[in-house]
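Below is one structure, written out as structure tokens; comments come after it.
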Amino acid sequence: MTTSNSTYAAWRKLSGTTAGRVLFSAAVSLRAPYFSTVLPYVRDLRPGRAEVSAPKWWGVRNHIGTFHAIAACNLAEVAMGMLAEATVPSTHRWIPKGMTVSYLAKAETSLVAVAELPEPLDVGGAGEGPAGIEVPVPVTVTDRRGKVVVTATITIWVTPKRSQH
């Protein structure tokens, strides 16, 4: 099965330069406008792994001046979405189904979220009809010093694309 879709193809085309990565990251925010609230920058993207950073700017600060917990969740979701776009075969589609989050420490700096699957994705159980598979995607969010501030598991629901007649 091919994992290539338009998002991952655009990444492969643009990721060779800083300007290309900036353009790609801006396009991600245009496609999913809520993501723009964390000013995501896609640093790495390949099947099974995505790395996305976000600066600590006034729009993500909470009442005590740290990176807001839900903004960190938003960054985790961007990383998960990028991983899904690069990993789920083009014959299938995905949608978030649930999220479990642990806030481990104050996020006092810009952040980096890494979504990484522990093993290759097998969509063999996502057959025809309403059947699908749940795929838990672990995400680790660290601060500039490498301290883990948030961990999340975002479960996605993967199903075959409906045929277009």
Side-chain angles (χ1 to χ4, degrees), residues 3-5 7-88 94-122 133-158:
T3 60
S4 186
N5 62 37
T7 303
Y8 188 49
W11 170 258
R12 288 194 323 259
K13 182 177 182 177
L14 296 170
S15 63
T17 65
T18 300
R21 289 188 296 278
V22 168
L23 181 62
F24 178 85
S25 299
V28 167
S29 291
L30 286 174
R31 186 167 179 203
Y34 187 71
F35 288 162
S36 66
T37 62
V38 295
L39 305 175
Y41 176 73
V42 181
R43 296 162 54 147
D44 184 31
L45 179 58
R46 58 190 128 129
R49 187 176 195 283
E51 182 176 326
V52 183
S53 62
K56 184 182 166 203
W57 68 288
W58 70 266
V60 295
R61 282 189 230 139
N62 61 19
H63 65 288
I64 60 172
T66 62
F67 209 104
H68 193 283
I70 297 304
C73 288
N74 193 12
L75 178 62
E77 190 172 0
V78 176
M80 172 281 303
M82 292 295 92
L83 174 142
E85 286 292 301
T87 306
V88 173
W94 63 272
I95 189 165
K97 188 173 182 181
M99 182 177 200
T100 305
V101 181
S102 293
Y103 305 107
L104 305 172
K106 288 181 188 176
E108 299 176 312
T109 69
S110 57
L111 300 178
V112 175
V114 175
E116 196 161 26
L117 290 176
E119 55 190 57
L121 178 63
D122 177 11
I133 58 169
E134 286 188 355
V135 178
V137 178
V139 183
T140 302
V141 182
T142 57
D143 68 10
R144 247 192 262 158
R145 294 176 291 279
K147 180 169 71 173
V148 177
V149 296
V150 173
T151 58
T153 300
I154 305 173
T155 302
I156 59 173
W157 181 243
V158 179

Show me the donor-acceptor pairs within less than 3.5 Å that the side chains of residues 58-67 make with the rest of the protein, sequence neighbours left out.
{"residue": "Asn62", "atom": "OD1", "partner": "Ile64", "partner atom": "N", "Å": "3.0"}
{"residue": "Asn62", "atom": "OD1", "partner": "Gly65", "partner atom": "N", "Å": "3.1"}
{"residue": "Asn62", "atom": "OD1", "partner": "Thr66", "partner atom": "N", "Å": "3.0"}
{"residue": "Asn62", "atom": "OD1", "partner": "Thr66", "partner atom": "OG1", "Å": "3.2"}
{"residue": "Asn62", "atom": "ND2", "partner": "Thr66", "partner atom": "OG1", "Å": "2.8"}

Can you name the closest pair of heavy atoms from [X] and [Y] and give their distance?
{"X": "Pro40", "Y": "Ser25", "answer": "O-CB, 3.4 Å"}
{"X": "Ala79", "Y": "Val139", "answer": "CB-CG1, 4.4 Å"}
{"X": "Pro136", "Y": "Thr153", "answer": "CB-CG2, 3.8 Å"}
{"X": "Leu111", "Y": "Val149", "answer": "CD2-CG2, 3.8 Å"}
{"X": "Ala113", "Y": "Leu75", "answer": "CB-CG, 3.7 Å"}
{"X": "Ala115", "Y": "Leu83", "answer": "O-CD1, 3.4 Å"}

(request) Mind checking side chain to side chain contact (heavy atoms under 4.5 Å, CB included) for Ala10 and listing every partner two or more places apart, or none if nothing turns up? (result) Phe24
(request) Please check if the side chain of Arg49 supplies one atom and the backbone of Glu116 the other of a donor-acceptor pair under 3.5 Å. (result) no
(request) Answer yes or no: is there a donor N or O on one side and an acceptor on the other, between the side chain of Thr87 and the main chain of Gly48, under 3.5 Å? (result) yes
(message) Checking Arg46 against Trp11 for the side chain to side chain contact (heavy atoms under 4.5 Å, CB included) test, could you report, in this order, the C-alpha distance in whole Å, the side-chain angles of both residues, the deciding distance, and whether it holds?
(response) CA-CA 9 Å; Arg46 58 190 128 129; Trp11 170 258; over 6 Å; no
Residue list, salt bridge (charged side-chain N to carboxylate O under 4.0 Å, His left out) with [X], at least two apart or on another chain:
{"X": "Arg43", "result": "Glu51"}
{"X": "Arg31", "result": "Glu85"}
{"X": "Lys97", "result": "Glu134"}

Interatomic distance, [X] atom [atom1] to [Y] atom [atom2] [nearest 0.5 angstrom]:
{"X": "Ser53", "Y": "Leu39", "atom1": "OG", "atom2": "CG", "result": "10.0 Å"}
{"X": "Arg21", "Y": "Leu14", "atom1": "CZ", "atom2": "CG", "result": "10.5 Å"}
{"X": "Ile156", "Y": "Ile133", "atom1": "CD1", "atom2": "CD1", "result": "8.0 Å"}

N/O donor to acceptor pairs below 3.5 angstrom from side-chain atoms of residues 98-110, sequence neighbours left out:
{"residue": "Thr109", "atom": "OG1", "partner": "Arg144", "partner atom": "N", "Å": "2.9"}
{"residue": "Ser110", "atom": "OG", "partner": "Arg144", "partner atom": "NE", "Å": "3.2"}

(request) Inspect the surroundings of CD1 in Ile95 and state if more than 12 heavy atoms from other residues, nucleotides or ligands are less than 6.0 Å away. (result) no
(message) Are the side chains of Val52 and Val28 in contact, using a 4.5 Å heavy-atom criterion?
(response) no
(request) Flag the pair Tyr41 / Pro55 as yes when at least one side-chain heavy-atom distance between them is below 4.5 Å, and no otherwise. (result) no
